[in-house]
Amino acid sequence: MTSSVTRLALLAVAGLFIIGAGCESAPVNPFFADSLVPIGHGNSAQTDNIDINGPEGPSETLTPADMTYTHLGPAHFGIAISPEYPNGKRAIWSNGGDRISKLDYDTLAVIDEYPLTADPLMTPAEADAEIALLDSLSGADLANAGFALAIEYLLGLAGVYYLLDSDNTLFVGGSDSIIAYRDVDPNPADQNSAIEMRDEWLKPAGIGGNFVGANLTFDGKICMVTNEGWIVLVERDFSSYQAIQLPGGENAAAHNDYVVNVLGFRPGAADWVRNSMAIDEDGGIYVPSFETMHKVVWNGTYLSIDEADGAWHVPYSNTGGKGSGATPSLMGFGPDEEHFVVITDGNDIMNVEVFWRDEIPAGWVAPAGALSNRTAGLAPADMGNPSITAIQSEQSVVVGGYSVFVVNNEPTSVPAGFPPAARTVLVGFAGNDPAFAPRGIQKFTWNPLTKTFSEAWVNTYVTSANSVPIFSTANNTLYTVGARNGDWTMEAVNGYSGLSKTHYVTGSARYNSLFSGMNLDYEGRILHTTAFGIVRYERTPPGGP
C-alpha cells in the first residue's frame, strides 16, 4: 500500500494537468436510443464514460435494504435504457443466456421476459442455490465451482452483443444472425408493453465466422463484425446489407481452427477477431484483428478497405499470441483536438497503444517499439510492477478526455490443476478470493503540448476483478466492481490522483459483475448486471447527478 500511495503522489501533478485536456464528449449517434445507456460501452466510440455525477461515499458495508436486486437468470452482460415513453417513464432491456428481459426503470421489477429456449427458465431459487454455494467456498474449491458454472452457463454463449435504437428496438447479435425485439404494442402509452420478436436476419452463407461485435453507424446502419474478419452493414429493417472482409481474413478460418484444435485455446480466446468495433461520425470503423489494427471506411454508399478512401491497416505487437483483448476506444473529438483510437496490444505484458485515426502529422516519428508510424503512443500496462512477466486485460480501455484507464484481469495465482485456458473464468467467479483477486488500475495520458503518451498514475491496491469500469467525467471518478478481504465490493477511484475515493462492501457473489459493464443512471446511482441478475446501489451523489 505504501509504494502505491508514494507512486500516486509523485504522478498526481501530471494527472491534474492532463485530465482537463481534450474535454469534448464523443458525438451522439442520433440512431441510438435517446438515453444514457443504449449500448454496452455507452456510445459508438466505445469510450465507457458518462457525464453524470456518481456517488462519492462515505465507504460502508451495504445491506440488501441498501440495494435493489432483481433476478434475471444467467449470462446478462449489460443493459440498455429505453427512450422515454409518452408517460415520461423508461424501461431497461437486457439480453441473457436464456431470456430477453424488460424491466421497469424506477423499480427494476420485471415487466416481461421473452424465453430464448424451450427449456424451463432458471428460477430465483435455482440462482440463489448457486450463489449460496459460491458464498460458502474459497480457494481451489471456489475456483472449481466457478469453472463448473462457466461450463454450464457461459461456454459457447452467443447473443452477448446488443444495441437499442431510436425506435426502441433491441438488436441482439447471435453467432450467425441478428434478432430484433420490440414492444408488442406498436404505440405504447407507457413502459408496460410485453416483448415480441420482430424478425431475424440470417447471415448469408458467403460471410464466414460468428458475430463478435455490434454497433451503429451515424446514418443508422447496424454494423457487425465476425471472428473471420467480415464487416457487415445491415439496414435496421433487415431489407438489405453490405459486407467486406478485412485484409488477411482469407486465412482467419484456418487460424481459428488452429488455435483451438492444435494450441488448445478455449473457443474465442484467440480468434482472428475477438472484439467489437468503434465507429466515428465520419464513417470510420475501427477493429483489431489478430495482430493488425484496421480502419474500414463507410462513405454512405459502400464499404472500403482501400487507403485511397481513407482506410488503413497497420501491425501491432502480439508476443503473447492471442491478439488484443480490447474493443477499440476512440479518443479526441473536437475540431481542435487530436483524434486517436486506443487498444491494448497482444504482448505478454500488454501495452496501451494509441493510433492516429486520420492523417498522420507531417514529420511524425513513432515512439520506440512501435511497428508502424501510425502509432502516436505506446506504454506498458505493467500496473507499476517492472518485474511482472505477463499481464492482459479483457476489457476495453476506458477513455475520458485525453486520459486512458486500464485494469488488470490477471489472477494473482492459479490453483494447481486449473485449466490454463480458463484463467479468465477464474477472475469471473472467484475474483473476490484474495488468492486470485487481480490488483491494479493504471492511468495514462496524452499530452497535447509535448505530443507524448505516458503513465499518469497507478493504483496497485484496488481490484477490478472482471467488470467493465465506467468513468464519470462529471466528478472525475472511475467506478468498478472489485473485492476486499474476500468480499465483493464497488470501488470508486479518483481520476485525478488514482487514490481510492470510496467503496461499498456488498459481500455476496450475488453482486459479482461477471464481466458486465458498470452504469450510472439519471439519478447518479450505480447499476450493473450480475451473475444471475441486476443490482442498483441506492446511493446518490452529493448535490445530485
Side-chain angles (χ1 to χ4, degrees), residues 14-32 34-39 41-53 215-220 223 277-286 293 295-300 310-312 326-343 352-364 366-367 374-377 379 396-406 443-454 456 469-478 495-496 520:
L16 285 167
F17 174 73
I18 298 298
I19 192 90
C23 59
E24 286 204 23
S25 299
V28 175
N29 187 327
F31 291 94
F32 274 127
D34 183 11
S35 81
L36 289 174
V37 188
I39 189 173
H41 293 290
N43 49 43
S44 291
Q46 309 278 45
T47 58
D48 288 303
N49 74 49
I50 192 167
D51 190 24
I52 291 283
N53 282 313
N215 207 328
L216 272 182
T217 65
F218 279 73
D219 57 355
C223 184
M277 81 297 290
I279 297 177
D280 67 27
E281 67 272 32
D282 297 319
I285 301 169
Y286 305 86
M293 185 67 210
K295 178 182 180 180
V296 177
V297 172
W298 164 244
N299 65 8
W312 48 260
T327 291
S329 302
L330 304 188
M331 180 170 72
F333 301 100
D336 298 323
E337 297 172 18
E338 291 159 319
H339 299 167
F340 305 104
V341 56
V342 188
I343 62 168
V352 181
E353 187 157 7
V354 181
F355 302 91
W356 298 101
R357 277 209 314 264
D358 306 316
E359 186 176 345
I360 302 171
W364 176 253
R374 184 165 288 280
T375 300
S396 174
V397 295
V398 177
V399 170
Y402 281 144
S403 298
V404 171
F405 302 89
V406 182
K443 175 186 170 182
F444 301 86
T445 54
W446 170 259
N447 187 321
L449 301 180
T450 62
K451 309 296 185 189
T452 55
F453 183 74
S454 59
I470 192 166
F471 179 65
S472 167
T473 57
N475 68 353
N476 291 303
T477 304
L478 186 78
Y496 289 124
L520 291 170

Original post:
What's the spacing between Asp219 CG and Asn299 CG if we round to 0.5 Å?
Top reply: 10.0 Å
**OP:** Heavy atoms only: give me the nearest Ser403-Phe405 pair and the separation to one decimal.
**Re:** CB-CE1, 4.1 Å
Original post:
Are Pro469 and Asp48 side-chain neighbours, meaning at least one heavy-atom pair lies under 4.5 Å?
Top reply: no
Subject >> Qualifying residues under salt bridge (Lys or Arg N to Asp or Glu O under 4.0 Å), relative to Asp51, sequence neighbours excluded >> reply: none
Original post:
Who pairs with Ser472 by side-chain hydrogen bond (donor to acceptor under 3.5 Å, both in side chains), at least two apart in sequence or on another chain?
Top reply: Asn475
Subject >> Pairing residues for Ser35 by the side-chain hydrogen bond (donor to acceptor under 3.5 Å, both in side chains) criterion, not counting sequence neighbours >> reply: none
**OP:** Would you check if the side chain of Tyr286 reaches a backbone N or O of Asp280 as a donor-acceptor pair within less than 3.5 Å?
**Re:** no
Original post:
Angle class for the Trp356/Phe340 ring planes (parallel below 30°, perpendicular above 60°, tilted otherwise)?
Top reply: tilted
Original post:
When you measure from the side chain of His41 to the backbone N and O of Asn49, does any donor-acceptor pair fall under 3.5 Å?
Top reply: no
Original post:
Is there side-chain contact between Val342 and Val352, with at least one heavy-atom pair below 4.5 Å?
Top reply: yes
Original post:
What distance separates Thr473 OG1 from Glu24 CD, expressed to the nearest 0.5 Å?
Top reply: 12.5 Å
**OP:** Considering non-hydrogen atoms only, spot the tightest contact between Cys223 and Thr217 and give its length.
**Re:** CB-CG2, 4.5 Å
Subject >> Residues that Trp312 engages under ring pair (Phe, Tyr, Trp, His ring centres under 6.0 Å), provided they are two or more places apart >> reply: none
**OP:** Answer whether the closest heavy-atom distance between the side chains of Lys451 and Pro361 falls below 4.5 Å.
**Re:** no
Original post:
Are any non-hydrogen side-chain atoms of Phe453 and Val404 less than 4.5 angstrom apart?
Top reply: yes
**OP:** State whether the side chain of Arg357 and the backbone N or O of Lys295 hold a donor-acceptor pair below 3.5 Å, judged by distance alone.
**Re:** no
**OP:** To the nearest 0.5 Å, tell me how far Met331 CE sits from Thr47 OG1.
**Re:** 11.5 Å
**OP:** List the steps and the verdict of side-chain hydrogen bond (donor to acceptor under 3.5 Å, both in side chains) for Thr450 and Thr452.
**Re:** CA-CA 5 Å; Thr450 62; Thr452 55; 2.6 Å; yes
Subject >> Minimal non-hydrogen separation, Trp446 against Ala376, with atom names >> reply: CZ3-O, 3.4 Å
Original post:
Can you tell me if Arg374 uses its side chain to pair, donor with acceptor, with the backbone of Val354 under 3.5 Å?
Top reply: no
Subject >> Pro30: side chain to side chain contact (heavy atoms under 4.5 Å, CB included) partners, not counting sequence neighbours >> reply: Phe218
**OP:** Using salt bridge (Lys or Arg N to Asp or Glu O under 4.0 Å) as the criterion, list what pairs up with Asp282, not counting sequence neighbours.
**Re:** none
Original post:
So which heavy atom on Gly334 is nearest to which on His339, and how close?
Top reply: O-NE2, 2.9 Å
Subject >> side-chain hydrogen bond (donor to acceptor under 3.5 Å, both in side chains) partners of Asn53, counting only residues at least two apart >> reply: none
Subject >> Shortest non-hydrogen separation from Ala45 to Ala278 and the atoms involved >> reply: O-CB, 3.9 Å
Original post:
Listed by chain and number, what are the ring pair (Phe, Tyr, Trp, His ring centres under 6.0 Å) partners of Phe355, not counting sequence neighbours?
Top reply: none
Subject >> With sequence neighbours excluded, residues passing side chain to side chain contact (heavy atoms under 4.5 Å, CB included) with Asn215 >> reply: Phe32, Ile39, Ser44, Gln46, Met277, Ile279
Subject >> Residue list, ring pair (Phe, Tyr, Trp, His ring centres under 6.0 Å) with Phe333, at least two apart or on another chain >> reply: none
Original post:
Can any side-chain N or O of Lys443 pair as donor or acceptor with the backbone N or O of Gly495 at less than 3.5 Å?
Top reply: yes
Subject >> Residue list, side chain to side chain contact (heavy atoms under 4.5 Å, CB included) with Leu36, at least two apart or on another chain >> reply: Ile50, Ile52, Tyr522
**OP:** Name all residues meeting the side-chain hydrogen bond (donor to acceptor under 3.5 Å, both in side chains) criterion together with Ser329; count only those two or more places apart in sequence or in a different chain, and write none if there are none.
**Re:** Ser396
**OP:** List the steps, then state whether side-chain contact (heavy atoms from CB on, under 4.5 Å) holds for Phe471 with Leu478.
**Re:** CA-CA 4 Å; Phe471 179 65; Leu478 186 78; 4.0 Å; yes
